2 protein chains.
Amino acid sequence: MGKKLFKTVHDVARAAGVSVATISRVLNQHPNVSQGTREKVLALIEQSGFRPNAIARRLAQGRSGMLCFLLANRDIIHSFHSRVLKGVEDYCRQHHRQVIFTRFDYGPNDAMPAETLPRMVREYRAIDGVLVAGTNYPNLLQYFSSVELPYVLFGNNLVTGSLALPAKHAVSFDEQAGARDATQFLFELGHRHITFVGNLALHWYLRRQHGYASVMNRYGLPPATIDIRDEADCVELGRRSVPLLLRQFPRTTAILAQDDETAIGIMETLRRLEIRVPQDISLMGYDDISEIRYLRPALSSVRVPKAAIGWQMAETLAGVAPGKRTRALPPLATELVIRDSCMRLPSAPE
Amino acid sequence: MGKKLFKTVHDVARAAGVSVATISRVLNQHPNVSQGTREKVLALIEQSGFRPNAIARRLAQGRSGMLCFLLANRDIIHSFHSRVLKGVEDYCRQHHRQVIFTRFDYGPNDAMPAETLPRMVREYRAIDGVLVAGTNYPNLLQYFSSVELPYVLFGNNLVTGSLALPAKHAVSFDEQAGARDATQFLFELGHRHITFVGNLALHWYLRRQHGYASVMNRYGLPPATIDIRDEADCVELGRRSVPLLLRQFPRTTAILAQDDETAIGIMETLRRLEIRVPQDISLMGYDDISEIRYLRPALSSVRVPKAAIGWQMAETLAGVAPGKRTRALPPLATELVIRDSCMRLPSAPE
DNA sequence: CTGAAAGCGCTTACAG
DNA sequence: CTGAAAGCGCTTACAG
C-alpha cells in the first residue's frame, strides 16, 4: 500500500521472516534461493517500494559500477564528442554500467593531483575507470597510471612528440587512411591539382596531410599544402586559406580540408568570390560532423566512426582489471561519404 | 616515498599515533584538531599519497554529493543543452558538487519505475537530486515526487495541457518576451509585413508565436503565420515554409523564425530562389545557438541565457532539502542579438 | 583537543 | 537453500 515502509534490508527481512542475507541474494539474483522465498521477497519489495541504498551496495561490493567520461580541454561538448559519448552510453546501458560525464582543462606541464582534476576522478574508488577524450597530454595519463586508475584514451588527439597513434590504453581511428581515401577519390574524378588546407602544427591534422601527400606522391603529383598555424578557429582558418590558395596554387581544382569546419569556411569564402562548388572547385571535408547537414551543396566528407569509438573505449575499459594492460586494437576505419561538393573534371575519362 | 602505503584511515592513524577519528577530522577540515596533529597528519597523507575511499565517505555521510543532469528524449546533447550543462557544471565546480550526465527516452504514458530510467536515477541515494532537461512529460516528475527525489526542471520544454510555464521545481526563460522584442525590433526597422514561421503544435513555439502576435496586434497589424506541424526537422521545416510563405504572404518583408534551425532552412531556400537576405527579406532566428556562427549573412537572433539556466537549475536544486518545496523564480530574460540578417526598410523613417 | 565505539546499509565467505 | 557474523572504510555523537 504505502510506499517506503521499509528503509533497509533489515526491514524487509523482518517482514519476510528471513535473514538479510537472503534479501541480499534475491536483490543480486543469486541462484541459491528457493523459488518460494524468492517470490515472497520480491512481492514484498514490489509492494513496499523498497529500494536498496546504492552507496552501501557499492561499498560492500568494492566497486562503483561507474565509468567516467572525461572531456579535456574542450569548452563544451560538441557534435563530435557528443557522438562518441553516445557510443559509450549505449555500451554502458547494455552492460549495466553508469557513465559520468565531466570536463576539465589542463596544460601539458600541470602537476596532476592539482585542484584542476574533477573530484570524481581525483577521489579514490569513486569510479571504476575513466574514458579520456578531448585534447590530452601525457602527464594526465601518467597520473592515472600512478594512482592505478584504469583508463582508456581517445588516441587521435593526444599531443606527443611522435606522429604515431598511441598503442596502449587507447582507441583510435585511422586518420591517414581516411585522407588517402579522400585523395584517391578526387584523383579518380580526374583531379590533378588537389590542395590540402590545414594546420600542420597539430599532429592529428598532420596525419591527414601525410595521407593526402602519400597518394599525391604515388601518382607523381606534387603535394600542395596551405599550412596556417596561427588560427585556432577552424572556420576562420578555412576563410583565410582561400586567398592564399588562389595565389599560391591557382590551378587548384579540388580542395581537401583538414576537417569539416575548415571546409565550411572555405565554402563560404569561395561563394563570396563567386567561385562555384563543385563546378569550379571540388571540396571535401573530414569528420562528417552533424552540423554540415546545413550546407548546400551538401559536403562530401570522411566519416569518422564516432559512436564506434565510444563503444570500443567503454568495452576496452570494462575489460581492464586495475593494473592489467589493455590489449592493443587496430585503429578503426573511416568511411568516405559522397555528397554533392565534388565533381568529375570535364576532361576526365569516365 | 612509495605511493599507497596506506589503504585506509586506520593505516594513517597508526602511523600518526592518533585515532581514526582524528584522521577523519583532518580530512574534513573539522576545527577541533590541534595545529600540531593536523600538520603531522597532513604531511603523512601527502607523502603517502593516501586517498580516502569516496564511497565509504558517502555512506557514512548519508549523501552522495552528486547531482544528475538528465537529458530526456534527445538523441544526443546538442549545442543548446550543452551550454545549459556547462552552466550546471560551473555551479557545481564552484560548490564542490559532482554532475553526472545521462540521457534516456520515454513517453508521456510510460510507467516510470520502468526499465527505461537510468540506473543512476532509479537507485536510491545514488544521487542527491536530478536536473531534468530535454523534452519532458508530467509522469516523470510525478515519479520523482513519489520517490521523494528532489528535482529541478528546465521548464520551457515540458509538455502539458497548459501554455503557462511550470511554476514549481522549474527554471525557465521568458519565451514570449523574447519574441516580442524581436518583433518590436523588426517593426522599428519599418517592417509591417512580418511573418512568423513555426510549428504551433508545440507549446514552446506557440509561446513565441503569441509573443509575436501580441506585438503585431498592438500596432493593428494582422499576424501572419506559417504553421507546419508535420515536420520534426526544423531546418527542413524552414525550407518547406518558404514556398508557402511566398504564396500566402507575398508582401512579407521580414520573417521571424521559431528558432535558428528553422531560420537556417529559410535562409538557404531564399538564397536558392535568389531572394536576398536582408536586402529583399529580413530574417530573425531564435535561441542563438552556436552553430549559426557559420551563416552568412550573420543571423540576428534572440539569445536564450543557456548557461544561466543551467546555473540557476543547479543552484535551485542545491537549495532544496528533500521534500521541501523550491521557491518559484521569475523566468530568465532573453537578449536580442543584432547581426546582419535584418535591414531597415528603405521607406522607413530613421 | 582526542579517542572508543557505534553506525551508515549493504554483501559475502563460512558453516550448516 | 539459509542464517549469523564479519566486513566494506569511512563519520559522528558522546564522553572525557
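Being a predicted model, the structure only gives us computed values, none of them experimental. Chain naming here is simple, since letters A, B, ... match the order of the sequence lines and numbering starts at 1 in each.
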What is the distance, rounded to the nearest whole Å, between atom [atom1] of [X] and atom [atom2] of [N]?
X: A:Arg58; N: D:dG9; atom1: CZ; atom2: P; result: 16 Å
X: B:Gln61; N: D:dC10; atom1: CD; atom2: C1'; result: 8 Å
X: A:Leu27; N: C:dG9; atom1: CG; atom2: P; result: 15 Å
X: A:Arg63; N: D:dG9; atom1: CZ; atom2: C1'; result: 18 Å
X: A:Arg14; N: C:dG9; atom1: CZ; atom2: C1'; result: 13 Å
X: B:Lys7; N: D:dC10; atom1: NZ; atom2: C1'; result: 15 Å
X: B:His30; N: D:dC14; atom1: NE2; atom2: P; result: 14 Å
X: A:Gln29; N: C:dT11; atom1: CD; atom2: P; result: 11 Å

| task | Could you give the distance separating C:dA13 and C:dG9 at their P atoms, to the nearest angstrom? | result | 23 Å

| If you measure from the P atom in C:dA5 to the same atom in C:dC1, how many Å do you get, rounded? | 23 Å

| Is there a side-chain polar atom (N or O) of B:Arg57 under 4.0 Å from OP1 or OP2 of D:dT11? |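 Yes.
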
| Is A:Asn53 near enough to C:dC8 that one of its side-chain N or O atoms lies under 4.0 angstrom from OP1 or OP2? | no

| message | Ignoring hydrogens and geometry beyond distance, is a side-chain donor-acceptor pair present between A:Arg74 and A:Thr135 at under 3.5 Å? | response |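 A:Thr135 and A:Arg74 do have a side-chain donor-acceptor pair below 3.5 Å.
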
So what does [X] hit on the nucleic acid, given a heavy-atom distance under 4.0 Å: a base, only sugar-phosphate, or nothing?
X: A:Asn32; value: base
X: B:Thr8; value: sugar-phosphate
X: B:Ser34; value: sugar-phosphate

| query | Would you find a donor on one side and an acceptor on the other, under 3.5 Å apart, between the side chain of A:Asp128 and the backbone of A:Arg63? | reply |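 Here the side-chain-to-backbone pair does not exist.
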
| field | Backbone N/O of B:Val33 and side chain of B:Thr37: donor-acceptor pair under 3.5 Å | value |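 Here the side-chain-to-backbone pair does not exist.
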
| message | Counting only Watson-Crick pairs (N1-N3 plus N6-O4 or O6-N4) and G-U wobbles (N1-O2, O6-N3), all under 3.5 Å, who is the partner of D:dC14? | response | C:dG3

| note | Sorted by position of nearest nucleotide on DNA chain C, 5' first, the leading residue of B:Ala56 and B:Thr37 is B:Thr37

| request: Between B:Ala60 and B:Val18, name the one whose nearest nucleotide on DNA chain C is closer to the 5' end. | output: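 The answer here is B:Val18.
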
| request: Tell me which nucleotide among D:dA4, D:dT2, C:dA4 gets nearest to the side chain of A:Val33. | output: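 From the listed options, D:dT2 comes nearest.
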
| request: Among the candidates C:dT2, D:dG9, C:dT11, find the nucleotide nearest to the side-chain atoms of B:Thr22. | output: C:dT2

| field | Short N-O contact, B:Glu89 and B:Arg97, less than 4.0 angstrom | value | no

| field | Toward the 5' end of DNA chain D, by each residue's nearest nucleotide, B:Ile55 or B:Arg25 | value | B:Ile55

| task | May I ask you to decide if the ring planes of B:Phe101 and B:Phe69 are parallel, tilted or perpendicular, using 30° and 60° as cut-offs? | result |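 Answer is parallel, since the angle falls under 30°.
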
| remark: From the list A:Asn136, A:Asn139, A:Asn73, side-chain hydrogen bond (donor to acceptor under 3.5 Å, both in side chains) with A:Tyr106 holds only for A:Asn136

